Amino acid sequence: MNEIDLSVNIGSLKLKNPVMLASGTVGYGNEISEFTDLSKIGAIVTKSISLKPRKGNPPQRITETPSGMLNAIGLANVGVEEFITHKIPFLKKINSTLICNIAASSIEEYIECVEILETQETIKGFEINVSCPNVKEGGLIFGNDINAVGRITEKVRAKTNKPIIIKLSPNNSNISDYAEVVKKEGGDAVSAINTLVGTAFDIYSRKPKIKNITGGLSGPAIKPVALAKVLEISRKVDIPIIGIGGIFDWKDAVEFMIVGASAFQIGTVNFVNPRASLEIIEGLKKYCEETSITKISDLIASRII
Amino acid sequence: MFIDDCVVASNTKIAENTFLIGLEVPFSTEKLLPGQFFNIKVSNNSFPLLRRPFSISDVIENRIYFMYKVVGEGTSIISKKVKGETLNLLGPLGNSFNIDDSFSTAIIIGGGIGIAPFPFLIKKLVNKNIQVLFGMRSKSEAHNYGLVNINYSSDDGSIGLHGNVIDLLDVELKNSDETKTKIFACGPNAMFRALQKYLTNKNVLCEASMESAMACGFGICQGCPIEFKNNPSYNLICKDGPVFNIKDIVI
Ligand SMILES: Cc1cc2nc3c(=O)[nH]c(=O)nc-3n(C[C@H](O)[C@H](O)[C@H](O)COP(=O)(O)OP(=O)(O)OC[C@H]3O[C@@H](n4cnc5c(N)ncnc54)[C@H](O)[C@@H]3O)c2cc1C
Ligand SMILES: Cc1cc2nc3c(=O)[nH]c(=O)nc-3n(C[C@H](O)[C@H](O)[C@H](O)COP(=O)(O)O)c2cc1C
Ligand code: FES
């Protein structure tokens with residue numbers, strides 16, 4: 001049998017396979033490269049970067065919940081300057097497709113970040129995080145404001161010809177309206193979903209388990225929600241979707257593609273099994289062989305309802 | 001970096017709620033360092049979802065031993081593992097105790113299950129005077145696995161000194177030359193806070209092995225921050241630690 005074509009397109013961005021590593025779950029790539037060959041992976045999305053370094057939230061930042069985890073890292077990151085001087089050189093060497101995720105507290109900050117990073121050849125696209133639930137300014141305030149999402153897309157579009165992916169929040173009712181605005185303002189794709197707002201309390205101390213009180217829920221627990229959001233967007237808006245949420249193995253990944261995702265990102269699973277990305281690629285190949293699929297892109301939105 | 005299933009060789013109770021599990025590993029254990037830890041997946045499914053970190057407690061040939069206390073779901077599952085079953089190990093992770101600086105006496109302080117990393121450290125401390133101070137709530141937690149020259153203290157007075165390890169340390173330091181002594185400590189944060197305060201005006205080296213909730217254990221989730229006194233950004237317990245100079249950290 002001929003080699004299976006695993007490549008997919010997200011707007012003008014061509015990926016060798018649909019497996020992407022989700023922002024905030026692989027840092028800037030160096031640690032996870034001890035476990036996995038990053039050059040084999042479709043794309044790596046770096047930890048949300050902001051104009052200036054961010055210290056992040058005080059501990060405790062994470063806690064486990066049934067089939068998931070809550071995190072309130074608070075966008076701890078090295079800032080744009082340090083990212084360019086110390087992180088990009090490594091990312092360049094590993095020969096994977098680099099998507100740079102940006103978080104900001106104002107529309108101006110998004111624009112400034114894109115302006116600075118735009119000239120970096122290693123960066124093949126931007127993912128704009130308008131949906132972090134764990135910071136006071138920016139984050140969800142933008143994610144829940146459809147006009148702000150539209151303006152951010154428009155302004156960022158004006159500054160770069162690289163593919164722009166807007167990462168949407170599940171913490172609102174009509175995610176497809178947001179996807180529609182992204183499309184209208186010239187965004188290339190949307191990624192869905194970021195984490196869901198959640199909390200957990202200790203019943204003896206009666207205190208929240210994480211210092212920030214609320215955090216973002218990720219992991220297998222959110223997969224059905226994420227799938228429903230991808231389905232909603234796919235039914236209503238003609239825009240490439242990157243599916244995210246609770247993917248732990250190749251079966252989860254196939255499910256996302258069938259429902260409507262052109263590619264997908266894996267997050268929490270990297271903490272538990274840093275080799276999951278490669279295992280998923282192998283699983284996808286086997287699935288294609290078994291089901292006589294020659295191009296994985298044939299799976300996208302192939303749902304039968 | 002190693003990540004794979006390892007076969008349980010033994011799993012025995014050594015004190016109340018406290019067990020020692022031995023796992024056969026397929027790699028050379030020669031390079032393992034005291035203070036390092038492994039992140040262990042206790043099930044093949046998503047319950048519990050995350051790995052659980054455990055310090056290397058002892059190494060015998062190609063077996064690694066972990067000493068653990070049953071405190072929740074994960075440790076409860078481990079306590080039921082029998083010979084021949086497997087656990088998935090990821091590691092070794094983290095830095096280690098530094099045993100190369102000049103000291104002739106090592107004072108080892110373990111608060112409760114915080115004693116876990118020390119049998120392995122003691123094996124590596126050759127030609128040193130070793131004094132172990134083992135504090136606990138009550139006698140039921142006491143054991144002597146891999147320890148030497150033990151002084152116990154207990155909150156309820158049921159074993160050793162009626163008091164805490166800081167009281168034991170106070171007595172111990174009075175009899176030693178501070179400049180030739182190094183303290184190695186592991187235990188709950190309340191113990192570390194008391195220890196840090198006690199050592200403020202003393203000139204004795206002290207390394208502390210710190211704990212935190214962890215998701216990954218190798219630096220990618222940013223879940224395990226620890227504040228340094230003179231540094232605006234956080235360090236990570238899993239990657240920069242878990243062993244720190246007690247004078248550097250904010251507890
Ligand atoms: C570097 C390191 C080394 C350790 N070495 C040992 C050891 O040798 N022996 C031993 O018995 N225990 C050790 N621990 C603690 C051990 O990891 C926890 O007791 C264990 O994770 C509890 O799991 P559980 O599912 O039984 O408990 P549960 O209460 O059901 O779950 C514990 C959950 O809470 C998180 N958590 C929250 N706060 C903490 C905290 N302060 N410390 C650890 N986990 C926390 C865990 O990550 C986990 O997700 C170590 C911890 C660290 C960080
Ligand atoms: C610890 C942690 C940190 C994260 N940090 C970011 C971030 O900086 N930027 C971002 O856009 N998403 C961040 N996310 C969200 C993930 O990229 C992803 O959208 C989410 O975890 C759902 O996928 P999963 O269930 O596969 O983890 C973070 C998630 C986790 C668990
Ligand atoms: S536990 Fe993930 S960074 Fe330390």
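Residue numbers start from 1 in every chain, and the chains themselves are labelled A, B, ... in the order their sequence lines are given, proteins ahead of strands. All of these numbers come straight from a predicted model, not from anything done at the bench.
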Tell me, yes or no, whether the heavy-atom count around [X] atom [atom1], taken from other residues, nucleotides or ligands under 6.0 Å, exceeds 12.
| X | atom1 | value |
| --- | --- | --- |
| A:Glu81 | CD | no |
| B:Lys81 | NZ | yes |
| A:His86 | NE2 | no |
| B:Lys197 | NZ | no |
| B:Arg137 | CZ | no |

Winner by heavy-atom pair count (cut-off under 4.5 Å) against chain B, out of [options]:
| options | value |
| --- | --- |
| A:Pro66, A:Pro220, A:Pro58 | A:Pro58 |
| A:Ser67, A:Gly27, A:Gly24 | A:Ser67 |
| A:Asn30, A:Ile62, A:Ile32 | A:Ile62 |

**OP:** Could you grab the distance from atom CZ of B:Arg51 to atom CG of A:Asn273, nearest 0.5 Å is fine?
**Re:** 7.0 Å

Subject >> Contact class of A:Phe248 relative to chain B, heavy atoms under 4.5 angstrom >> reply: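 For A:Phe248, the contact with chain B is made by the side chain alone.
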
Subject >> Part of A:Thr65 lying under 4.5 Å from any heavy atom of chain B >> reply: neither

Of all the residues in [range], which have a heavy atom that comes within less than 4.5 Å of a heavy atom in chain A?
| range | result |
| --- | --- |
| residues 35-47 of chain B | B:Lys41, B:Ser46 |
| residues 227-235 of chain B | B:Glu227, B:Pro232, B:Ser233, B:Tyr234 |
| residues 236-251 of chain B | B:Lys239 |

Original post:
For residues 17-31 of chain B, which residue pairs qualify under salt bridge (charged side-chain N to carboxylate O under 4.0 Å, His left out), counting only residues two or more places apart or in two chains?
Top reply: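 Matches after skipping sequence neighbours: B:Glu24-B:Arg63.
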
**OP:** Mind ranking B:Leu90, B:Asn88, B:Leu49, B:Ile3 by heavy-atom pairs under 4.5 Å with chain A and telling me who comes out on top?
**Re:**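 Sorted descending by pairs with chain A, the first entry is B:Leu49.
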
Original post:
Between A:Phe35 and B:Phe218, is the gap from one ring center to the other below 6.0 Å?
Top reply: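 A:Phe35 vs B:Phe218: aromatic centres under 6.0 Å.
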
Subject >> Side-chain donor/acceptor of A:Arg61 to backbone N/O of B:Pro225, under 3.5 Å >> reply: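 No, the answer is negative, given that no donor and acceptor are paired below the 3.5 Å cut-off.
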
Original post:
Just by distance, do the side chain of A:Glu64 and the backbone of B:Leu50 share a donor-acceptor pair under 3.5 Å?
Top reply: yes

Subject >> Heavy-atom check, side chain of A:Thr25 versus side chain of B:Ile220, under 4.5 Å >> reply: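 No, every pair of side-chain atoms sits at 4.5 Å or beyond.
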
